[in-house]
Amino acid sequence: MIIAIDGPAASGKSTLARALAARLELTFLDTGAMYRAVTLAALQRGLAPSDEGACTALAVGLALGFDAEGRVLIEGEAGEPAIRGAEVTAHVSEVAAHSGVRRALVGAQRTVAAEAVAAGGGVVAEGRDTTSVVFPAADLKIFLLASPAVRAMRRAQEEGRPELTSAYEADLARRDAHDSQRSDSPLLEVEDAVRVDTDTLSAEAVLDHVATLAAVRRPV
Ligand code: CDP
């Protein structure tokens, strides 16, 4: 079974996808972590995030994998927590806008899913093109929404920095705009996705709701 969870930055995709994968015993596929991993590796190698050719060559050649908990491995080394750093966050949307980078990572994501399905399981994939481009034939597509203020508050609380809420709101708005306006695979609410607005729902309530939808859609 393939479940794809899409939506804007910090809408709760990761929290939901991770918990749902655990509950349904499916593989958690964090596609954003892969874009962050390529961005981190580019910065470490002194490549310009604007350099499409160099970033593409890097994405094609970089060995990305996942540990048992679904955390990204870069050339076998843990990508966390470095991939969540401010410098990576500042540049990831630019790197993720390059078509060559997207082609390489989308291919890798489909391979992960195909292997999981072949083994009798499946994936819960989250990220900004998983319902539209990566898995257009997913068994269940979710578009997760939350208002900018709520998303910024959650992200600031997650990091233990409530005083940064307004700075986060500005950063999320910047990334939403960049991700929505890029020409290759913009953030898009596809017609057959189920829209879930999480402003007034706890993480638990969102999980229960989506798990119920998944139970109905599970192929026999
Ligand atoms: O969790 P958060 O919204 O901070 O971001 P993320 O899921 O870690 O993704 C970081 C960035 O990677 C996004 O802002 C997008 O620019 C890019 N991304 C993408 O282009 N396509 C995906 N499938 C996932 C992430």
Side-chain angles (χ1 to χ4, degrees), residues 2-18 28-43 49-50 52 55-56 59 64 66 70-72 74 79-110 112-113 123-136 138 141-146 148 150-159 161 164 167-190 193 198 203:
I2 295 181
I3 300 176
I5 301 176
D6 223 315
S11 52
K13 300 188 296 291
S14 298
T15 307
L16 170 63
R18 187 179 285 282
F28 167 52
L29 178 56
D30 180 353
T31 63
M34 298 170 77
Y35 289 95
R36 287 175 175 275
V38 172
T39 305
L40 174 68
L43 294 171
S50 59
E52 168 146 25
C55 289
T56 298
L64 295 180
F66 291 95
R71 284 183 297 252
V72 74
I74 309 169
E80 306 275 359
I83 59 160
R84 311 278 163 198
E87 215 197 336
V88 172
T89 300
H91 294 292
V92 63
S93 288
E94 191 174 1
V95 173
H98 298 316
S99 294
V101 172
R102 303 203 69 80
R103 239 186 336 268
L105 295 192
V106 167
Q109 290 154 18
R110 289 182 180 148
V112 170
V123 294
V124 181
E126 67 103 337
R128 276 167 198 72
D129 64 344
T130 50
T131 58
S132 54
V133 173
V134 192
F135 301 116
K141 301 178 183 183
I142 301 292
F143 195 82
L144 217 54
L145 276 174
V150 168
R151 291 190 276 135
M153 196 186 65
R154 286 183 189 155
R155 184 54 55 96
Q157 272 170 357
E158 219 172 74
E159 317 255 314
R161 305 288 301 274
L164 291 182
Y168 281 148
E169 195 168 340
D171 174 63
L172 294 176
R174 180 186 63 76
R175 280 201 288 141
D176 283 352
H178 203 292
D179 295 345
S180 306
Q181 287 157 17
R182 69 182 178 214
S183 56
D184 189 345
S185 318
L187 172 67
L188 192 74
E189 186 173 358
V190 296
T198 71

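Bear in mind that the values here come from a model prediction, so they are computed numbers and not experimental data. When a ligand or atom number is given, it counts from 1 through the structure's own listing order.
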Fill in: Residues, nucleotides or ligands: over 12 heavy atoms within 6.0 Å of Glu158 CD
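Enclosed: over 12 neighbouring heavy atoms sit under 6.0 Å from CD of Glu158.
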
Discussion item. My understanding is that only residues two or more places apart in sequence, or in another chain, count here; which of them pass side-chain contact (heavy atoms from CB on, under 4.5 Å) with Ala9?
Written reply: Arg128, Arg151, Leu172, Arg175, Asp176

Worksheet item: Is Arg102 salt-bridged to Asp129, cutoff N-O under 4.0 Å?
Response: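 Salt bridge present between Arg102 and Asp129.
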
Worksheet item: Can Arg154 and Ser11 be counted as having a side-chain donor-acceptor contact under 3.5 angstrom?
Response: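 The criterion, which ignores hydrogens and geometry beyond distance, is not satisfied for Ser11 and Arg154.
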
Worksheet, complete the sentence: What one should report as the nearest heavy-atom pair of His91 and Pro49 is ND1-CG, 3.6 Å

Worksheet item: Listing by chain and number, which residues have a heavy atom under 4.0 Å from ligand 1?
Response: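 For ligand 1, the contacting residues are Ala9, Ala10, Thr31, Gly32, Tyr35, Arg36, Arg84, Val92, Ser93, Ala96, Arg102, Gly127, Arg128, Asp129, Arg155, Arg175, Asp179, Arg182.
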
Worksheet entry | Atom pair CG/OG1 of Asp171 and Thr89 - distance to nearest 0.5 Å | 7.0 Å

